[in-house]
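Here is the structure we will look at.
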Protein chains: 2
Amino acid sequence: MKRHPIPAHFRSHHPHPCDGNLPADLNAVLRQRVTEAAEATLELSRGETLVHSGMPFKHLYLVVSGGFKAVEIGEDGQSQIVSFHYARELMGLSGFAQQRYTTDLIALAPSLICEFSMAAVESIVGADRSLLNHLLTYASESLARAEHDQFRLGSMSATQKIASFLLHRQEQLRQAGEKCDQFELLMTREELGSYLGLSMETISRLLSHLQELGVVRVDKRLIEILSEDPLRAWLDGAVTLPTSSCHKPAAKRAALKLA
Amino acid sequence: MKRHPIPAHFRSHHPHPCDGNLPADLNAVLRQRVTEAAEATLELSRGETLVHSGMPFKHLYLVVSGGFKAVEIGEDGQSQIVSFHYARELMGLSGFAQQRYTTDLIALAPSLICEFSMAAVESIVGADRSLLNHLLTYASESLARAEHDQFRLGSMSATQKIASFLLHRQEQLRQAGEKCDQFELLMTREELGSYLGLSMETISRLLSHLQELGVVRVDKRLIEILSEDPLRAWLDGAVTLPTSSCHKPAAKRAALKLA
DNA sequence: CGGTCGCTTGATAATCGTCAATTGATGTGG
DNA sequence: CCACATCAATTGACGATTATCAAGCGACCG
């Protein structure tokens with residue numbers, strides 16, 4: 001992890017790593033203040049740990065490029081990925097209440113982030129309380145996402161989970177104004193499996209199967225979505241994971257033909 | 001749902017429903033302000049819906065007594081309980097970002113709550129910004145809990161899930177200073193199953209089994225925890241759900257003997 | 001008193017995890 | 001530069017966990 005401190009007298013210069021990565025509805029003066037509060041940029045390569053679960057909560061991090069996984073660690077060493085974070089997302093807020101980080105944050109790819117110390121954040125909040133509003137908005141949004149992840153983990157079959165994940169990622173990219181029909185999974189099959197509550201093998205089989213059906217093209221971690229409708233059919237629960245080639249009752253094969 | 005408006009000139013009187021239900025670290029003047037902002041108390045009976053998912057976000061609710069389930073609804077009508085809320089907890093915050101509630105909130109038992117309109121909340125925030133800090137703290141805490149629920153849903157077996165749930169509820173009551181070794185589940189087996197990502201039948205079997213082992217006493221929805229250690233053994237993954245009586249390899253029966 | 005609802009318990013089956021073997025890609029050291 | 005080790009991914013066979021289906025029972029309510 002390489003740290004590049006940003007000298008105070010240099011923080012208002014352009015170009016600045018925060019540029020374009022802060023929420024669009026931030027007013028100009030506040031954006032300026034926040035930008036000036038960035039104390040350093042950090043460069044991480046794949047697998048490097050940004051924060052460890054349980055460590056004192058001192059900083060918030062803004063993803064500039066790359067991606068991260070948030071890993072929750074059980075007492076017995078089990079672990080599960082509870083969220084992924086991409087460019088423009090804020091990381092660390094779940095540690096605010098207890099003043100300790102609640103997850104590990106680990107880079108999925110070579111990544112660049114901005115670091116904000118909580119002290120600086122709180123001093124801005126003192127001058128302009130609308131920032132706190134933005135933070136609350138972000139926390140609320142994260143909470144709604146976590147609840148949706150719970151829904152996925154608790155009520156969906158393996159096929160529905162994958163379909164849900166792919167469609168959500170597509171939508172997320174669409175809303176960010178980026179190319180959304182072809183994107184790179186930054187994570188391994190195992191990491192995606194952890195996030196979705198499935199085994200690596202199940203992920204692999206489902207992706208292979210989707211490719212056979214011509215619904216997506218899979219090349220290593222590059223995904224291309226060829227047709228959305230069969231994915232939506234999977235999401236609606238119309239399809240189950242076939243053990244090999246199909247010898248199933250017609251009812252279950254119906255949605256398969258959509259592919 | 002019975003609504004009891006609290007006339008403005010009456011809000012500073014004692015006793016007030018908010019008394020004792022606000023965070024302990026709220027300073028006196030702020031507590032006073034918040035108490036005076038409560039616009040009504042609402043009385044709900046079991047099964048009544050306080051808010052519907054998707055409706056405009058207008059109020060925050062503080063549970064005074066009873067309990068609630070937060071139900072996330074899928075597009076196709078599937079539903080899953082994503083959290084339970086008991087006395088002293090705030091409900092509705094996940095709707096702040098989108099300005100729409102993200103879940104249904106439904107009473108698990110006859111319940112009493114205080115209603116705060118967001119307009120009133122925001123006016124207090126204008127006068128004393130430490131309230132916003134408290135809200136952010138609460139959101140952060142909720143986020144950490146949701147992430148832990150994800151961990152449970154994604155990485156635990158049925159036995160671990162139940163053990164985790166019971167031990168967490170016990171700890172929650174302990175920290176609230178209430179009797180914690182004997183408590184009432186306000187929810188049905190089916191509701192608990194929904195929350196834990198299990199079927200009603202699995203819940204029933206596991207509770208029966210725990211009772212046979214003498215670990216807990218179960219009487220309808222009343223739970224008494226007789227010994228914690230076997231529960232912790234279950235949580236650590238030492239035990240699996242036996243299909244009938246046991247004819248298992250010794251390794252798997254080891255922790256069972258702890259009971 | 002009949003009916004619904006919540007719960008229990010058993011039998012059966014399906015989804016998905018585990019284990020294993022193989023391949024290709026990547027990187028490292030001789 | 002090649003051999004070797006390691007890691008991610010694929011695919012198949014098998015089995016376990018847990019859902020589903022079904023029947024029965026007690027409690028509560030109208």
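No hydrogens, no waters, no symmetry mates; every other heavy atom, side chains included, goes into these values. No experiment lies behind these values; they were computed from the predicted model shown. Lettering of chains follows the sequences in order, A, B, ..., and the numbering in each one begins at 1.
- Contact between the side-chain N/O atoms of B:S208 and the OP1/OP2 oxygens of C:dT9 is found at a separation under 4.0 Å.
- In this structure, B:G197 reaches the sugar-phosphate backbone alone: every heavy-atom distance under 4.0 Å involves primed, P, OP1 or OP2 atoms, never a base.
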Residues A:E201, A:R205; criterion salt bridge (Lys or Arg N to Asp or Glu O under 4.0 Å); working and verdict: CA-CA 6 Å; A:E201 292 92 334; A:R205 274 185 252 271; 5.8 Å; no
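- Annotation: salt bridge (charged side-chain N to carboxylate O under 4.0 Å, His left out) contacts of A:E212 (sequence neighbours excluded): none.
- Among residues two or more places apart in sequence or in another chain, the side chain to side chain contact (heavy atoms under 4.5 Å, CB included) test is passed with B:E191 by B:R46, B:K69, B:I81, B:L108, B:M187, B:T188.
- Each ring pair (Phe, Tyr, Trp, His ring centres under 6.0 Å) pair with one or both residues in residues 152-184 of chain B, not counting sequence neighbours, appears once here: B:H148-B:H168.
- Straight-line distance from the CG atom of B:D219 to the C1' atom of C:dC7: 12 Å, rounded to whole Å.
- In this structure, B:L198 reaches the sugar-phosphate backbone alone: every heavy-atom distance under 4.0 Å involves primed, P, OP1 or OP2 atoms, never a base.
- Scanning for salt bridge (charged side-chain N to carboxylate O under 4.0 Å, His left out) contacts around B:R189 gives an empty result, with sequence neighbours left out.
- Of the residues in residues 43-50 of chain B, not one comes within less than 4.0 Å of DNA chain C through any heavy atom.
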With a 3.5 Å cut-off and sequence neighbours excluded, list the donor-acceptor pairs that the side chains of residues 213-223 of chain B form with protein atoms.
{"from": "B:R217", "atom 1": "NE", "to": "B:E224", "atom 2": "OE1", "distance (Å)": "3.0"}
{"from": "B:R217", "atom 1": "NH2", "to": "B:E224", "atom 2": "OE1", "distance (Å)": "2.9"}

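- With sequence neighbours excluded, no residue forms a salt bridge (charged side-chain N to carboxylate O under 4.0 Å, His left out) with B:R169.
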Could you list all N or O pairs between the protein and nucleotides 20-30 of chain D that sit under 3.5 Å apart?
{"from": "D:dT20", "atom 1": "O4", "to": "B:R205", "atom 2": "NH2", "distance (Å)": "3.0"}
{"from": "D:dC21", "atom 1": "N4", "to": "B:E201", "atom 2": "OE2", "distance (Å)": "3.1"}

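- Each ring pair (Phe, Tyr, Trp, His ring centres under 6.0 Å) pair with one or both residues in residues 69-95 of chain A, not counting sequence neighbours, appears once here: A:F84-A:Y195.
- For A:T103, the side chain to side chain contact (heavy atoms under 4.5 Å, CB included) criterion is met by A:A70, A:E72, A:V82, A:L105, B:E147, not counting sequence neighbours.
- Direction of the helix axis in the helix from C:dC1-D:dG30 to C:dG30-D:dC1 shifts by 40° between the two five-pair termini, rounded to 10°.
- Residues meeting the salt bridge (charged side-chain N to carboxylate O under 4.0 Å, His left out) test with A:E171, sequence neighbours left out: A:R174.
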